[in-house]
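This report refers to the structure that appears directly beneath it.
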Amino acid sequence: MTQAQTPPLLEVSQLSKTYHLNNSLLQRLAREPVLALKAVDRVSFSVRAGETLGLIGESGCGKSTLARIVLRLHEPTSGRIVFDGADITALPYREMTALRRRMQIIFQDPYASLNPRKSVLDIVGLPMAIQGISRRSEIRDRVVAMIESVGLKSEYLNRFPHQFSGGQRQRIGIARALILNPSLVVCDEPVSALDVSVQAQIISLLKALKRELGLTYIFISHDIGVIGHVSDRIAVMYLGEIVETGPSRSLLTAPQHPYTKALLSSVPRIDVRQKSERVKLSGDLPSPLSPPAGCKFHTRCPFVFDRCRVEAPVLRPRGPESAAACHLLEAP
């Protein structure tokens with residue numbers, strides 16, 4: 001069975017998340033209008049076992065919120081989440097806790113995501129202790145093996161986070177995420193807080209661990225270069241919606257949505273002789289509290305026409321394993 005025919009490990013259908021920002025009792029008594037922020041808006045995608053899905057978009061577009069909903073760290077407002085054939089959208093807390101052995105996350109900030117009062121042994125071994133799957137001596141042996149697999153030394157076990165560099169802290173965070181042998185790992189901008197040279201080391205480590213452990217990644221970033229380097233497929237988000245998806249190579253070489261084209265054209269090129277058409281965006285990112293009618297991108301799109309202002313485009317197939325939501329692609 002080819003990878004394209006493999007059943008998805010994760011399948012998300014019409015997933016939405018709305019936050020009500022001023023819904024306190026006093027505000028309701030004062031009859032103030034409730035402000036609704038739709039952070040994720042009817043998003044659908046799937047991830048096959050063993051692949052890396054890259055999720056890219058500007059800051060505030062809903063990438064991290066979407067990832068946390070998939071892991072049930074945030075509850076969805078509507079939609080459906082299916083993991084390994086089981087619907088986990090409304091799975092009870094106790095069952096969800098057991099399932100977390102197979103779904104883990106690597107956080108963005110290696111400084112804030114580690115408890116400064118805990119040693120490396122306690123930080124990396126905590127997931128095992130929560131799951132109650134090993135005694136203290138067994139946890140120590142497992143932690144030693146895991147931190148060595150991420151490039152750290154066993155003599156670091158009793159040290160604390162402030163004694164490590166940013167790259168070393170992120171390695172500790174990776175070890176913590178992998179200690180339970182998960183199937184799916186969400187990498188939430190795992191290199192954005194690191195120096196460029198350290199970024200390359202962490203990316204190489206994540207790719208090596210994926211091969212060795214048979215992992216499946218959802219890799220979140222706002223850096224199109226990083227996403228292109230690590231991903232098998234890419235999904236592009238804008239204001240809570242996925243506007244284009246496709247295999248990494250085809251999406252990066254022949255993007256179809258104007259927003260994807262703008263992201264790619266903004267990347268500096270080393271070879272000055274290599275010319276490409278620059279897609280310039282006008283204006284700022286609209287507020288998610290009051291998104292534009294029709295296509296949410298139309299206020300910044302250089303190719304906007306009348307239909308874009310009144311009708312929201314639908315994400316439709318545009319080629320082998322590719323899809324885009326743009327009226328321009330349907331124009332005669």
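The structure presented is a predicted model; accordingly, all values stated were derived computationally and were not measured.
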### Query
Among pairs that include at least one residue of residues 74-95, which meet ring-ring contact (aromatic ring centres under 6.0 Å, His included), considering only residues two or more places apart or in two chains?
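The answer is none; no pair qualifies.
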
Show every donor-acceptor pair shorter than 3.5 Å between a side-chain atom in residues 139-158 and any protein atom, with sequence neighbours excluded, or say none if there are none.
| residue | atom | partner | partner atom | Å |
| --- | --- | --- | --- | --- |
| R142 | NH2 | I179 | O | 2.7 |
| S149 | OG | M146 | O | 2.6 |

Are any of the side-chain nitrogens in [X] or [Y] under 4.0 Å away from the carboxylate oxygens of its partner?
X	Y	answer
D232	R48	no
E241	K63	no
R68	D188	yes
E11	R80	no

### Query
Under the side chain to side chain donor-acceptor pair (under 3.5 Å) rule, what pairs show up with a residue in residues 103-113, not counting sequence neighbours?
Q108-S192

### Query
Can the ring centroids of Y238 and H257 be said to lie less than 6.0 angstrom from one another?
no

### Task
Quick one: pull up CD in Q170 and CD1 in I202 and give me the separation to the nearest 0.5 Å.
6.0 Å

#### Entry: Within 45° cone of Y19 ring axis and under 6.0 Å: K17 NZ or CZ
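K17 over Y19 ring: yes.
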
### Task
Check whether any side-chain heavy atom of H327 sits under 4.5 Å from a side-chain heavy atom of F305, and report yes or no.
yes

### Positive for side-chain contact (heavy atoms from CB on, under 4.5 Å) with T77, one of D41, V40, T18
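One option only clears the test, and that one is T18.
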
